Amino acid sequence: QKEVEQNSGPLSVPEGAIASLNCTYSDRGSQSFFWYRQYSGKSPELIMSIYSNGDKEDGRFTAQLNKASQYVSLLIRDSQPSDSATYLCAVSGGYSTLTFGKGTMLLVSP
Amino acid sequence: SQTIHQWPATLVQPVGSPLSLECTVEGTSNPNLYWYRQAAGRGLQLLFYSVGIGQISSEVPQNLSASRPQDRQFILSSKKLLLSDSGFYLCAWVTKYDEQFFGPGTRLTVL
């Protein structure tokens, strides 16, 4: 059974700091990796996708993938209170189905 | 652009009652569609997916069923709800890059 593991947190960082969120996965054959942000009571919102080893940057967000270590991470630079949410790591499988981690709660204090 | 709709937004149902949740997608044709459930304290769990009209794959055995009567319509049903069916039900479609986008969800409370 495919597994995706995340630290549940909460991860607390001050405003302006870098938040680092981590994720490990069990299926070595996985090809596509995603980070979603979910505010309380809302549906998940896709913020980053990554498909090859290395870093991918989009604004304040950087996703990092290391397939050999089966490790995905998300860095949020210049964290803002509006970034406070639960961040879900997801890994794709057959027919583009996704296996999700349970999420890491991020709290950014002003 | 693509839009995904779900209704109702919230639902409170008694144990043993039937359920029908609807999901429709606009702006794309023949999308793969997915139903997920997010229960309190648990992660997002894939329930069903469909690659076309009438084609349903079930990931988790339970008292729920799904149907896809039209290309852009995906329905989640139950004949008799259990307390354990409470949760946040999410429908999603996928792009050619494996990126899934979610609808606004239906929050179901079974009493």
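Residue numbering restarts at 1 for every chain, and letters A, B, ... go by the order of the sequence lines. Just so it is clear, the model here is predicted, and its values are computed rather than measured.
Residues in residues 37-77 of chain A take part in no disulfide (SG to SG under 2.5 Å) pair, two or more places apart or across chains. Sorted by first then second residue, the salt bridge (Lys or Arg N to Asp or Glu O under 4.0 Å) pairs that include residues 1-22 of chain B, not counting sequence neighbours, number zero. For residues 20-105 of chain A, every residue pair satisfying the disulfide (SG to SG under 2.5 Å) rule, not counting sequence neighbours, is listed here: A:Cys23-A:Cys89.
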Quick one: donor-acceptor pairs under 3.5 angstrom, chain B versus chain A?
{"residue": "B:Tyr34", "atom": "OH", "partner": "A:Tyr95", "partner atom": "O", "Å": "2.5"}
{"residue": "B:Tyr36", "atom": "OH", "partner": "A:Leu98", "partner atom": "N", "Å": "3.3"}
{"residue": "B:Gln38", "atom": "OE1", "partner": "A:Gln38", "partner atom": "NE2", "Å": "2.8"}
{"residue": "B:Gln38", "atom": "NE2", "partner": "A:Gln38", "partner atom": "OE1", "Å": "2.9"}
{"residue": "B:Tyr97", "atom": "O", "partner": "A:Tyr51", "partner atom": "OH", "Å": "2.8"}
{"residue": "B:Asp98", "atom": "OD1", "partner": "A:Ser96", "partner atom": "OG", "Å": "2.5"}
{"residue": "B:Asp98", "atom": "OD2", "partner": "A:Ser32", "partner atom": "OG", "Å": "3.1"}
{"residue": "B:Glu99", "atom": "OE2", "partner": "A:Ser49", "partner atom": "OG", "Å": "2.9"}
{"residue": "B:Gln100", "atom": "N", "partner": "A:Tyr36", "partner atom": "OH", "Å": "3.4"}
{"residue": "B:Gln100", "atom": "O", "partner": "A:Tyr36", "partner atom": "OH", "Å": "2.6"}
{"residue": "B:Gln100", "atom": "NE2", "partner": "A:Ser96", "partner atom": "O", "Å": "2.6"}
{"residue": "B:Gly103", "atom": "O", "partner": "A:Ser43", "partner atom": "OG", "Å": "3.0"}

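Under a hydrophobic-cluster definition in which Ile, Leu, Val, Met, Phe, Trp and Tyr are linked whenever side-chain heavy atoms come within less than 4.5 Å, directly or via other members, B:Phe74 and B:Val51 are assigned to the same cluster. At a threshold of 4.5 Å between side-chain heavy atoms, the hydrophobic network of Ile, Leu, Val, Met, Phe, Trp and Tyr places B:Val60 and B:Ile56 in two separate groups. Transitive grouping of hydrophobic side chains (ILVMFWY, heavy atoms separated by less than 4.5 Å) brings B:Val15 and B:Leu21 into a common cluster.
Contact of B:Leu46 with chain A is made through the side chain alone, with heavy-atom distances under 4.5 Å. Contacts between A:Leu98 and chain B at a heavy-atom distance below 4.5 Å involve backbone atoms as well as side-chain atoms.
The local environment of CD1 in B:Ile53 is crowded, with over 12 non-hydrogen atoms from other residues, nucleotides or ligands closer than 6.0 Å.
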